[in-house]
Amino acid sequence: MTEDTKKVPEHVAIIMDGNGRWAKKRGLPRTAGHTAGAKNVEKVCRAAWELGIKYVTFYAFSTENWKRSEEEVGKLMQLFREYLVGYLSKIAKDNIKVSFIGNLSVLSDDLKEKIANMEESSKDNTGLHMILAINYGSRDEIVRAVNRINERAAQSGESPVRVTEQMISDNLDTAGIPDPDLMIRTSGELRLSNYLMWQLSYSEFYFTDTAWPDFDTNELKKAVDAYVNRDRRYGKA
Ligand code: FPP
């Protein structure tokens, strides 16, 4: 193992899966699982910072999640609203910087305004950088990045443009944020579900059967311990 692999991950990306199953097991509606899941975000942020993690990206709503029932989508949007208002007051105390990724343009105007407020009011905070993925899909993000590159090139009369990896990275929603070192998916599913496909190219993956609302400090420590013992070779022998 090299010194580098013994380090705590700088950036952890999380797929918060299993809210629905968590609720069903308790005889509750699926939406109760999302409420419990939203509460857990705050706890995991605190635990992550204590462990020395600098960035955490949460998959809160995918471009495919619009296919869920109107009731469930409405509840999730309501949770984002409540969360954005409720957490805003605590963010200064916790020194958390919040950013959003995903195609936010289709969200309701009030939600967009709350998102902009939260980003603006936390932009100079120096603690944990929390990134929330809302209406996020990796394929959609890459397509938007390529279109942005093309539009800029066309504006400067430089068409067709020779696209480089760096240009794509610089035009993704995550521009300026280091790629995740560790990706955690809770609740037993072993797939990526259109999450950060470009950024996770060299990340370590950790899967646990624990449902997201039960994923506590101890579970995060287990994931970080597993990461610390991995040998990251980045294609080297
Ligand atoms: C996946 O579980 C979870 C989601 C699609 C939503 C995640 C959202 C939250 C945890 C709450 C909102 C977060 C913030 C920051 C306010 P699932 O519903 O697919 O669970 P299942 O696979 O058991 O049905």
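Nothing fancy with the numbering, it's 1 onward along the sequence. We count ligands from 1, going down the list as the structure has it; atoms in each ligand are counted the same way.
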Report yes or no: does [X] have a heavy atom closer than 4.0 Å to ligand 1?
{"X": "Phe80", "value": "yes"}
{"X": "Arg68", "value": "yes"}
{"X": "Gly18", "value": "yes"}

(message) Donor-acceptor check, side chain of Asn40 to backbone of Phe215, threshold 3.5 angstrom: yes or no?
(response) yes
(request) Spell out, as yes or no, whether a donor-acceptor pair under 3.5 Å connects the side chain of Glu141 to the backbone of Asp173. (result)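 Judged by distance alone, yes, a pair lies under 3.5 Å.
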(message) Measuring only between side-chain heavy atoms, which start at C-beta, is Lys114 closer than 4.5 Å to Phe80?
(response) no
(message) Is any side-chain heavy atom of Pro9 closer than 4.5 Å to one of Val224?
(response)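 Yes, side chains in contact.
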(request) Please determine which of Phe58, Tyr59, Phe61 meets the ring-ring contact (aromatic ring centres under 6.0 Å, His included) test together with Tyr195. (result)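 Result for ring-ring contact (aromatic ring centres under 6.0 Å, His included) with Tyr195: Tyr59.
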Could you tell me the residue and atom name of the protein heavy atom closest to [atom], and the distance to it rounded to 0.1 Å?
{"atom": "atom 21 (P) of ligand 1", "answer": "Arg21 NE, 3.5 Å"}
{"atom": "atom 10 (C) of ligand 1", "answer": "Asn19 ND2, 3.3 Å"}
{"atom": "atom 4 (C) of ligand 1", "answer": "His34 CE1, 3.9 Å"}
{"atom": "atom 3 (C) of ligand 1", "answer": "Met16 O, 3.1 Å"}
{"atom": "atom 7 (C) of ligand 1", "answer": "Ala60 O, 3.5 Å"}
{"atom": "atom 15 (C) of ligand 1", "answer": "Leu132 CD2, 3.7 Å"}

(request) Test the Arg26-Trp22 pair against the cation-pi criterion, namely NZ or CZ under 6.0 angstrom from the six-membered ring centroid and within 45° of the ring axis. (result) yes
Per-residue contact class, [X] against ligand 1 - non-hydrogen pairs under 4.0 Å:
{"X": "Asn65", "value": "side chain"}
{"X": "Glu64", "value": "neither"}
{"X": "Arg30", "value": "side chain"}

(request) From the options Arg144, Arg148, Arg152, select the one residue that forms a side chain to side chain donor-acceptor pair (under 3.5 Å) with Asn171. (result) Arg152
(message) Take a 6.0 Å sphere around CZ of Arg139 and say whether it holds more than 12 heavy atoms from other residues, nucleotides or ligands.
(response) no
(message) Atom CD of residue position Glu64 - does it have more than 12 heavy atoms of other residues, nucleotides or ligands inside 6.0 Å?
(response) yes
(request) Give yes if a backbone or side-chain nitrogen or oxygen of Asp17 is under 3.5 Å from a nitrogen or oxygen of ligand 1, and no if not. (result) yes
(message) Using a 3.5 Å cut-off on N or O atoms only, is Leu76 in polar contact with ligand 1?
(response)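 The answer is no, given that Leu76 and ligand 1 share no N or O pair closer than 3.5 Å.
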